[in-house]
Engineer: 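The structure follows.
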Number of protein chains: 2
Amino acid sequence: MVNGRTPSVKDVARSAGVSLGTVSNVMNRPEVVSPSTRERVERAMAELGFVRNESARQLRAGTSRTLAYVMLDGSNPFFHDVAQGIELAAEEADLSLFICNSNGRADREEVHLDRLMQQRVQGILITPVNPEAPHLAEISRRGIPVVIVDRVGVGGAFCSVAVDDVLGGRIAVEHLAEQGHTRVAVVGGPESIGQVRERLEGARQIWAELGLPPDDLIYLPTAALTVAEGRSAGERLAGIPARRRPTAAFCANDLLALGLLQQTIGAGLRVPEELAIVGFDDIEFAAAAAVPLTSVRQPRQELGRAAAQLVLDEATNPDHHHHQQPLFVPELVARASTVVRSRAY
Amino acid sequence: MVNGRTPSVKDVARSAGVSLGTVSNVMNRPEVVSPSTRERVERAMAELGFVRNESARQLRAGTSRTLAYVMLDGSNPFFHDVAQGIELAAEEADLSLFICNSNGRADREEVHLDRLMQQRVQGILITPVNPEAPHLAEISRRGIPVVIVDRVGVGGAFCSVAVDDVLGGRIAVEHLAEQGHTRVAVVGGPESIGQVRERLEGARQIWAELGLPPDDLIYLPTAALTVAEGRSAGERLAGIPARRRPTAAFCANDLLALGLLQQTIGAGLRVPEELAIVGFDDIEFAAAAAVPLTSVRQPRQELGRAAAQLVLDEATNPDHHHHQQPLFVPELVARASTVVRSRAY
DNA sequence: TTGTAAGCGTTATCAC
DNA sequence: GTGATAACGCTTACAA
C-alpha cells in the first residue's frame, strides 16, 4: 500500500532500486534477470503487497487469461459436473473460468455473451438454448473460439463435444425391452430442446427395429426437464387404465426420472416391479435415490474437459482449421430401478 | 472488423466523423450528446461491430464491474442456490459474477482469491474453508470488500450473512422430540467445519434442556458432508443393537440425510416408522426424495442476495463502517421422513 | 455540444 | 542484464 493507492510496478521498481522493465521481467521472464536482482525485486513485491493488475496486463498483452462457460440450466447438477471438468482443464492451462447460467432463456444468454465479449475472454464454451442462434456464429466470426457442449453444432460451424443422444435413447429402451417390457412410456419435453428430441428419437428407432407396435410406446410430453414435471408425468401415467398402462418409463433426463420415481413410490407402487424407470445423464443423485436409478451415463466431467481442450486448441493453435465434433458414447448404468434383484449402486 | 483488428473507439469515431471523446460520451453519458450525433455514432458502432474493451475501461475508470463468489462445495446444490441469489442481485446492479469453487481445500481457495485480486473484482463473497484464515483479512485490508456467506465472520472483521445454525440444530431435534423420539442420532462431520459444529451443538443444547439423558443422543461422526458418508453412517446405525438403536436421526446437511435415507430404505426399514430423518439446508432434492425429507430450511437464494447487497454497500457506500452480520432464522419444513401420515411435499 | 489530451498499469522493443 | 519509452483502448477533465 503506497499512499492509499495499491502499489504498481513503478512502486516496486523504485522500492527495489531497479527500473520498471526489470520488474516486469521478473514476472514474465524470470530467467532473463540475475538471481540477486530478482530476489531484491521479489522482496520488494512482498513488502509492498504488490498484486499485478490483470486489466492492464490484458490490455497491453492483448490476451486474456479467462475462459467462460455458459450453462443451460443451473439447477441441473449435470451442468455443474461439466463445469467442473472445464475448470480442471482451465486450471491446468493456468486460466480462470467464468461460469454463467442462461437458465434456458435466450435473452439471458445474449446478455452473458455480450459481457463475455467485452471481457475479451479467450474462448467460450456454451450449452446453448439454440445452437443455430445467429449471435453464436457472429462471435465465432469475430475470432473468439466457441465450442458447443452437450450438443452438436449445426453444419460444422463450431467445434462441439457431445454424447450420441440418439444412441443413448436406443440403449435405454433396448435395456427395458430386454427386461421384458412391452409397453413403455417415454417422458420428456419440450421438443424444442435438441437433446430431448434426439433421445426420444433413439427410443422410437429401436422400438421399431425390435418390431414392437408403435402404439405401445407411449409418449408423455413434459413442459420442462424438472423434478416437478416428472411427478406430473407420473400422475398422468397413473391415470392410464391398468391394462394399457406402461410397465416401464424412459425419461429424457434424471430430474424427470427422480420426479417420476418419487410420485410412483408415493402412490404406493413398487419400483421396478410395477414400474421400471430409466433416466439420462447419470447425475450423482441418480445413484443416491431411494431406489437407485438406472441411467444413461454421460461422461460429464470428460465432456467439459474435452471441450476446454478444443477451445484452447482453437485459441492457440494456428492450424486449427476444421472444426472437430467428437461424439462420446453413452453407457447404460443398470441399477435397482430397472433390475429386480440388484442392489448395486 | 477494421483491418483484421477488432474496432476501437477510435475507429468508430473516424467512421462517424466525430471525435473519440464523443464516442465515449455516447456510451457513458448519452444525455450529454445531441440526438443526431448520438444516432450517427450508434450506427457506426453497429456497422463496425464495435464491442467495448472492458479491460481498458476498467484500467482507466479504476473500477471493475464484477463480483465474485467462492463456493465451498460445488457438488452441493445448496451453494448453487446461494450463487443464484447472488447472481440475481448482481444482475440488478449490472455486474458480472465470477463463480469459483474451492471444494473445501484451502490451497484452491487461495489460488482463486489471488486471481480475483488480480482482476480487481469489486467485491468478494465467500463461504470460506476457514473464516479465520489470514488471507481473508489481508484482502479486506487492501480495501476489497469481503462478505462471508453461510458463516459468521469472527470478531466482526467482516460483513457476513448466515443462518443461526445453533438454532437450526435445536429446532430439528426439538421436532424429533415432539414426535416422541427419545433416542436420536446426530450425524455429521468433520467438526472442523463450523456449520457442522454449531448444528450439532444446537442439537445437544435442546436435548439437555428437554431433560433427556445425554447418552441417548448418539453422535455418529462423518468424514465429510456427502451422500456416501450418509450411507456409511446408516450402516453404522444399523449395527447398533436394536434396543439401543436410535429411532430418529438428525443429519448436519441434506446430502448426508439423503445417503442415510437411501441406506435405510435399501436395508428394508421403513421411514419414518422405523427411522425418522431430518436434514439441513432444504435443497430441492430433499423434497424430491422418495420419502420427502424433513429439513431445516435455509433461505438459500435470499442468503446470496443479502450478501451481494452487503458487498455492494461496502463497495460503494462511503459510510459503511460497522460490519453487519445479519442472522437469518432457519425454519423447519416437516415432510414425510418424520411425520407418519403426511404426504405433503 | 464537441474536441483535445493526459493518463490508468502493464508489456515489449530497443539501445545501452 | 538492465533501463528508457512507446503503445494497448478507454475515460474524463478541460478547452474550444
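All of these numbers come straight from a predicted model, not from anything done at the bench. Proteins get letters first, then strands, A, B, ... in listed order; numbering begins at 1 in each. Because only heavy atoms are used, hydrogens play no part in the values below, and waters and symmetry mates are left out as well, while side chains stay in.
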Engineer: Kindly point out which of D:dC10, C:dG9, C:dT4 is positioned nearest to the side chain of B:S19?
Structural biologist: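 Given the options D:dC10, C:dG9, C:dT4, the side chain of B:S19 is closest to C:dT4.
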
Engineer: What is the distance, rounded to the nearest whole Å, between atom CE of B:M27 and atom P of D:dG9?
Structural biologist: 13 Å

Engineer: Looking for any heavy atom pair under 4.0 Å, which part of the strands does A:R29 touch: base, sugar-phosphate only, or nothing?
Structural biologist: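 Contact class for A:R29: base.
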
Engineer: Less than 6.0 Å separating the ring centroids of B:F98 and B:Y69?
Structural biologist: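 No: the rings miss the under 6.0 Å criterion.
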
Engineer: Hey, does the side chain of A:D11 reach the backbone of A:S8 with a donor-acceptor pair shorter than 3.5 angstrom?
Structural biologist: yes

Engineer: Expressed in angstrom and rounded to an integer, what is the separation of B:K10 atom NZ from D:dC8 atom C1'?
Structural biologist: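 Atom NZ in B:K10 sits about 10 Å away from atom C1' in D:dC8.
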
Engineer: Heavy atoms only, 4.0 Å cut-off, all strands: where does A:S34 land among base, sugar-phosphate and nothing?
Structural biologist: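 The residue A:S34 makes sugar-phosphate contact but no base contact.
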
Engineer: Whether the A:R57 and A:N28 side chains hold a donor-acceptor pair (N or O, under 3.5 Å, no angle test) is what I'd like checked.
Structural biologist: no

Engineer: Looking across every strand, which nucleic acid part, if any, lies under 4.0 Å from A:G62 by heavy atom: base, sugar-phosphate, or nothing?
Structural biologist: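 Here A:G62 touches no strand at all.
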
Engineer: Take the C1' atoms of the five end pairs on each side of the helix from C:dT1-D:dA16 to C:dC16-D:dG1, derive the two axes, and give their angle rounded to 10 degrees.
Structural biologist: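 Inter-axis angle at the ends, rounded: 40°.
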
Engineer: Tell me: CG of A:N53 to C1' of D:dC8, nearest whole Å?
Structural biologist: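 Computing the A:N53:CG to D:dC8:C1' distance gives 13 Å.
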
Engineer: Could you grab the distance from atom CD of A:Q119 to atom CG of A:L116, nearest 0.5 Å is fine?
Structural biologist: 6.5 Å

Engineer: Does A:R105 come within less than 4.0 Å of A:E110, counting only side-chain N to carboxylate O?
Structural biologist: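 No, no charged N to carboxylate O under 4.0 Å.
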
Engineer: Given D:dC10, D:dG3, C:dT10, identify the nucleotide with an atom nearest to the side chain of A:V9.
Structural biologist: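 Minimum distance to the A:V9 side chain belongs to C:dT10.
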
Engineer: To the nearest Å, how far apart are B:N25 CG and C:dG3 P?
Structural biologist: 10 Å

Engineer: When you get a sec, tell me which of D:dT2, D:dC8, D:dT11 is the closest nucleotide to the side chain of B:R57?
Structural biologist: D:dT11

Engineer: Which heavy atom of A:P145 sits nearest to which heavy atom of A:Q122, and what is that distance?
Structural biologist: CD-O, 3.2 Å

Engineer: Measure CG/B:N28 against C1'/C:dT2 and give the value in whole Å, please.
Structural biologist: 16 Å

Engineer: Would you indicate, yes or no, if D:dG9 has its OP1 or OP2 atom less than 4.0 angstrom from a side-chain nitrogen or oxygen of B:S8?
Structural biologist: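 For D:dG9, neither OP1 nor OP2 has a side-chain N or O of B:S8 closer than 4.0 Å.
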
Engineer: Which part of the nucleic acid does B:T37 contact within heavy-atom distance under 4.0 Å: base, sugar-phosphate only, or nothing?
Structural biologist: sugar-phosphate

Engineer: Do B:N53 and A:L59 touch side chain to side chain, with heavy atoms closer than 4.5 Å?
Structural biologist: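 Side-chain contact under 4.5 Å: yes.
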
Engineer: Which sits closer to the 5' end of DNA chain C, B:G17 or B:A61, going by the nucleotide each is nearest to?
Structural biologist: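 Closer to the 5' end of DNA chain C: B:G17.
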
Engineer: Taking for each residue the nucleotide of DNA chain D with the nearest heavy atom, is it B:E54 or A:T22 whose nucleotide lies nearer the 5' end?
Structural biologist: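 Looking at the nearest nucleotide for each, A:T22 comes out on the 5' side.
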
Engineer: Quick check: any donor-acceptor pair below 3.5 Å linking the side-chain of A:R60 to the base of C:dT11?
Structural biologist: yes

Engineer: Among A:L72, A:D73, A:L303, A:L225, find the one that has a side chain to side chain contact (heavy atoms under 4.5 Å, CB included) with A:F78.
Structural biologist: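 That would be A:L303.
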
Engineer: At 4.0 Å (heavy atoms only), tell me whether A:V18 reaches a base, stays on the sugar-phosphate, or touches nothing.
Structural biologist: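 Sugar-phosphate, no base atom in range.
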
Engineer: To the nearest angstrom, how far is B:L20 atom CG from D:dA16 atom P?
Structural biologist: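 It works out to 19 Å between those atoms.
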
Engineer: Would you mind reading off the distance between A:L48 atom CG and C:dG9 atom P, rounded to a whole angstrom?
Structural biologist: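 In whole Å, C:dG9 P lies 14 Å from A:L48 CG.
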
Engineer: B:R52 CZ to D:dG9 P: how many Å, rounded?
Structural biologist: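 Interatomic distance, CZ of B:R52 to P of D:dG9: 15 Å.
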
